[in-house]
Structure formats: C-alpha cells, structure tokens
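Step one of this worksheet: look at the structure below.
Because only heavy atoms are used, hydrogens play no part in the values below, and waters and symmetry mates are left out as well, while side chains stay in. Here the structure is a predicted model, which is why all the values come from computation and not from measurement.
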Amino acid sequence: MKKLNYKILFKYLLVLLWMSAIFKFSADPADVSDGKSGLVIQLLTSLGVDVNGILGNLTNFIVRKVAHFTEYFILSLLLINALKENYNLNKTLKFAILITFLYACSDEFHQLFVPGRSGRFKDVLIDTSGGLLVVLILKCIEKIKNRKE
C-alpha cells in the first residue's frame, strides 16, 4: 500500500478551499457583491488612491473585473503548485488552465441562479486570462533559467 503524502494532500486541500471561497463570493447577491466592491474602493481612497477620480463611472466595474482576474490567478497558481507533484511542467500548465477555464464556466453558470447576478462568457475569459498570466510568468521564468544553464 502506498504511503499517504500529506504535503500533496495539503496542496490539493488549498485548491479546494480556494474554489470554495470563489463559490462563496459568487453566491453573494448583486447588492452584496457591489457593497464589497465599494469597500475596496473606500480602502483605496483611504490609502490616498483616488480611483473614482482616475476611473470615474467605470470604477466599480473595473474593481469587480480585477477581482475576477485575481481570484483565478490565485486558483491557477494553487493548481500548478498541486499538479506539479504528479506531472511535468507542460502537462501541469495545460491541466491548470483547463481546470481554471472549466471552473470559471461552472462559476458563471452558478451565478445564473443568484439574485441580480448573471453568467457571462466575457467573465470566463477574464477569469481564464488570470490563469494564463500565471502560465506566461512561469514560462518566462523557465526560459530565463534555461538560458543561464
């Protein structure tokens, strides 16, 4: 019988916990979600960053989309960290993006059933691009490392 590797198990647990957090955020009705975006805007303003002055009427929209991007950037990073234990880098990156994309699709589907929310494919693209940025960064790091060798 194969020995249970708690380190790998912990990495997958982190992925599941982050997916649960994304699910929880998506379960918020539109007014609650807008309130959270408003808190971020207030925090930035209190730190001296006048995002309303810079972005105007688009401030809330941009904060929400950056949140989407960031949630899935983190998800992809956690997936890569877990998957690399079992696969080579290229397979790890492909699986991570595929899972990120599929989870983004399921997240948007979930939002169809939340009051005031809607499922949008453009949000799937924003979410997936957060994951793609992680892949791009890691590929660049790998290229730099290979040049030095």
Side-chain angles (χ1 to χ4, degrees), residues 5 7-52 54-114 116-147:
N5 187 328
K7 179 181 169 185
I8 295 172
L9 188 65
F10 181 72
K11 289 180 178 189
Y12 281 103
L13 179 63
L14 288 176
V15 170
L16 292 175
L17 287 172
W18 190 249
M19 287 176 154
S20 298
I22 292 172
F23 184 87
K24 172 79 175 81
F25 291 139
S26 294
D28 288 339
D31 58 335
V32 173
S33 183
D34 280 340
K36 289 178 180 176
S37 298
L39 287 174
V40 171
I41 293 166
Q42 286 178 350
L43 175 66
L44 290 171
T45 302
S46 70
L47 293 172
V49 180
D50 182 18
V51 287
N52 281 317
I54 297 167
L55 303 171
N57 294 336
L58 292 175
T59 303
N60 191 45
F61 173 80
I62 291 172
V63 166
R64 292 172 66 90
K65 299 312 168 191
V66 167
H68 269 269
F69 185 91
T70 305
E71 286 175 342
Y72 285 85
F73 179 95
I74 294 168
L75 175 61
S76 189
L77 199 58
L78 291 171
L79 282 164
I80 290 166
N81 190 45
L83 292 166
K84 73 180 183 182
E85 298 290 338
N86 298 358
Y87 303 102
N88 67 37
L89 182 63
N90 285 330
K91 270 191 180 177
T92 293
L93 298 179
K94 287 176 187 174
F95 284 150
I97 288 302
L98 178 63
I99 294 167
T100 299
F101 171 76
L102 292 173
Y103 196 71
C105 289
S106 73
D107 183 49
E108 292 304 311
F109 181 74
H110 167 230
Q111 288 182 36
L112 292 172
F113 303 99
V114 178
R117 304 287 293 266
S118 60
R120 297 187 176 130
F121 190 69
K122 70 178 179 180
D123 285 343
V124 171
L125 295 177
I126 291 168
D127 299 343
T128 306
S129 63
L132 285 170
L133 180 60
V134 174
V135 169
L136 181 64
I137 291 169
L138 291 175
K139 287 300 244 179
C140 287
I141 291 170
E142 179 188 35
K143 209 172 231 184
I144 290 168
K145 282 183 179 179
N146 288 338
R147 278 191 208 158

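- Contact detail for V15 and A82: the closest heavy-atom pair is CG2-CB, 4.2 Å.
- The shortest heavy-atom contact between S76 and I97 is OG-CD1, 4.3 Å.
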In a table with atom names and distances, give each donor-acceptor pair under 3.5 Å that connects a side chain of residues 123-134 to protein atoms at least two apart or in another chain.
unit_1, atom_1, unit_2, atom_2, d
D123, OD1, K65, NZ, 2.7
D123, OD2, K65, NZ, 3.3
D127, OD1, H68, ND1, 2.8
T128, OG1, V124, O, 2.8
S129, OG, L125, O, 3.2
S129, OG, I126, O, 2.7

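- Residues I80 and L138 have side chains in contact (heavy-atom distance under 4.5 Å, counting atoms from C-beta outward).
- More than 12 non-hydrogen atoms from other residues, nucleotides or ligands lie less than 6.0 angstrom from CG of N146.
- In plain terms, the two heavy atoms of R117 and S26 that are nearest each other are NH1-O, 3.6 Å.
- The ring pair (Phe, Tyr, Trp, His ring centres under 6.0 Å) search around F95 returns Y87, not counting sequence neighbours.
- With hydrogens and angles left out, the side-chain atoms of N52 and T59 include a donor and acceptor closer than 3.5 Å.
- Using modelled atom types, one side-chain atom of W18 and one backbone atom of E71 make a donor-acceptor pair closer than 3.5 Å.
- With respect to the salt-bridge test (charged N to carboxylate O, under 4.0 angstrom), the residues E142 and K139 qualify.
- Applying the ring pair (Phe, Tyr, Trp, His ring centres under 6.0 Å) rule to F25 yields no partners; only residues at least two apart in sequence or on another chain are considered.
- Defined by atom type and a distance below 3.5 Å, a donor-acceptor pair is present between the side-chain atoms of S33 and R64.
- Scanning all heavy atoms of the two residues, the minimum distance from V114 to D28 falls at CG1-O, 3.4 Å.
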